[in-house]
Amino acid sequence: MGNIKPGQVRVRALFSAISRGTESLVFDGAVPEAEWGRMRAPMQEGDFPFPVKYGYQSVGRVIVGPEDMLGRRVFALHPHQTFFDASIDSVTVVPEGIPAARATLAGNMQTALTGLWDARPAPGDHIAVVGGGVVGLLTAWLCAKIPATSVMLVDTNPEREEIARNLGLAFTAPSKARGNNDLVIHASASEAGLETALALAGEEAAIAEMSWYGDRPVKLALGGAFHSRRLRLVASQVGRIPDDHKARWDFARRNETAMRLLADPRLDRLLETPIPFRDLPQRLPAIFKKDSGILCQLVEYG
């Protein structure tokens, strides 16, 4: 495999995780050309459209590098691959006590953490999170840690209820969801979910949009009471640190914080049974089906 460059480590992957929403859009060639630059994964190989080597949630063990890094488990924003080289400052050390499989959720936790910075929940808020995928569940779980908040996860899939309850979250179908919320966070990546989010917002409340739709147009009813209720639609995107945090936060600090937040073993419920890396080409189409019900699909490397 050759020598590594100065300032790098060589990693043997233990697990990687598939980010179904984004990776399915890449797989389908649905990344708009205008977003090709911004949607590049940090260590992507090749250029859009598909096929490209894509992915950004890998955990492995350092096998070559500085002595103080040898044998350590690290998280990297690297595509699905058995061995890879990465700069030392681009990997996050996985603390003892956090299993390698769970550590793959660090990328999703970064998204959830950034979502909270953008959405600005406050103690005592009534919060609705629409969409019970991995990002929605993690975001709702973080919101529930804020004192006196009342957090409700809203999803059309009743199978999400058990997972939500296990994380200490209230669960409801859209038709039974509580209205007049102080904050609504949308993470379902569906037009119907965004309409539900608007309907659940209280007067002058914010709706934080965490979904990304690729090149798919989204119709949204902004007539009716949208303006008279003075609702606010706020975008959230993990690729940037929000301006009001930039003076103190960088990606390394955010990555380390996201990793520490994974200490709760209840988060293992978000992980699907691992599949071997060699089976990935045959399994991907089924994993990416919208009705697959899969949360965080793990890939294992022997």
Side-chain angles (χ1 to χ4, degrees), residues 19-39 48-50 108 111-112 114-116 118-121 126-140 143 152-160 171-240 242 285 287-295:
S19 181
R20 282 186 61 239
T22 302
E23 291 192 49
S24 63
L25 290 170
V26 173
F27 183 79
D28 292 336
V31 179
E33 186 171 353
E35 296 298 309
W36 283 1
R38 280 185 287 265
M39 284 305 299
F48 293 122
F50 192 82
N108 295 125
T111 302
T114 307
L116 262 68
D118 291 321
R120 301 175 183 274
H126 286 190
I127 302 169
V129 178
V130 180
V134 175
V135 169
L137 284 162
L138 290 176
T139 303
C143 287
M152 172 180 61
L153 184 74
V154 183
D155 199 279
T156 58
N157 184 354
E159 294 181 4
R160 294 287 187 261
F171 176 89
T172 184
S175 61
K176 299 179 180 179
R178 173 194 66 210
N180 198 36
N181 289 280
D182 302 297
L183 171 66
V184 182
I185 298 173
H186 179 239
S188 81
S190 71
E191 194 173 282
L194 185 50
E195 290 285 2
T196 295
L198 288 171
L200 296 181
E203 189 164 335
E204 301 207 14
I207 301 94
E209 175 58 279
M210 296 185 67
S211 303
W212 191 63
Y213 303 88
D215 61 2
R216 177 162 47 96
V218 177
K219 295 180 181 178
L220 188 60
L222 296 182
F226 177 80
H227 290 282
S228 63
R229 293 169 63 208
R230 299 181 62 83
L231 300 180
R232 291 177 292 120
L233 192 57
V234 179
S236 181
Q237 211 280 332
V238 69
R240 290 173 54 183
I287 291 169
F288 286 154
K289 283 186 177 180
K290 291 184 179 180
D291 59 353
S292 70
I294 289 172
L295 284 170

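Quick note: residue numbers are just sequence positions, from 1. Values in this document were obtained by computation on a predicted structure and should not be read as measured data. Worth knowing before you read on, the calculation uses all heavy atoms, side chains too, and leaves out hydrogens, waters and symmetry mates.
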Within-4.5 Å side-chain heavy-atom neighbours: [X] and [Y]:
X	Y	answer
Met39	Thr22	yes
Thr111	Met210	yes
Val154	Val184	no
Leu222	Leu233	no
Phe48	Val26	yes

Polar side-chain atom of [X] near backbone of [Y] as donor-acceptor pair, under 3.5 Å:
X	Y	answer
Glu195	Ala221	yes
Asp182	His126	yes
Arg160	Asp155	no
Glu23	Ser19	yes
Ser292	Ile287	yes

Gap separating the [atom1] atom of [X] from the [atom2] atom of [Y], nearest 0.5 angstrom:
X	Y	atom1	atom2	value
Arg178	Leu200	CZ	CG	9.0 Å
Arg20	Lys290	CZ	NZ	10.5 Å
Glu35	Leu25	CD	CG	12.0 Å
Thr196	Ile207	OG1	CD1	12.0 Å
Phe171	Leu137	CZ	CG	9.5 Å

Taking all heavy atoms of [X] and all of [Y], pick out the closest pair and write down the distance.
X	Y	answer
Ser190	Ser188	OG-OG, 2.8 Å
Ser236	Gly115	OG-CA, 3.4 Å
Leu153	Gly136	CD1-O, 4.2 Å
Asp118	Pro242	OD1-CG, 3.5 Å
Asn180	Gly202	OD1-CA, 3.4 Å
Cys143	Pro121	SG-CG, 4.3 Å

Any chance you could lay out the side chain to side chain contact (heavy atoms under 4.5 Å, CB included) test for Leu116 and Thr139, step after step, and finish with the verdict? CA-CA 7 Å; Leu116 262 68; Thr139 303; 3.6 Å; yes
Within 6.0 angstrom of [X] [atom1], more than 12 heavy atoms from elsewhere:
X	atom1	answer
Arg120	CZ	no
Arg240	CZ	no
Glu159	CD	no

With sequence neighbours excluded, tell me which residues meet side chain to side chain contact (heavy atoms under 4.5 Å, CB included) with Ala206.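 Residues passing side chain to side chain contact (heavy atoms under 4.5 Å, CB included) with Ala206: Leu183, Arg232, Val234.
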Can you classify the ring geometry of His186 versus Tyr213 as parallel (below 30°), tilted (30 to 60°) or perpendicular (above 60°)?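 Aromatic pair His186/Tyr213 classed parallel.
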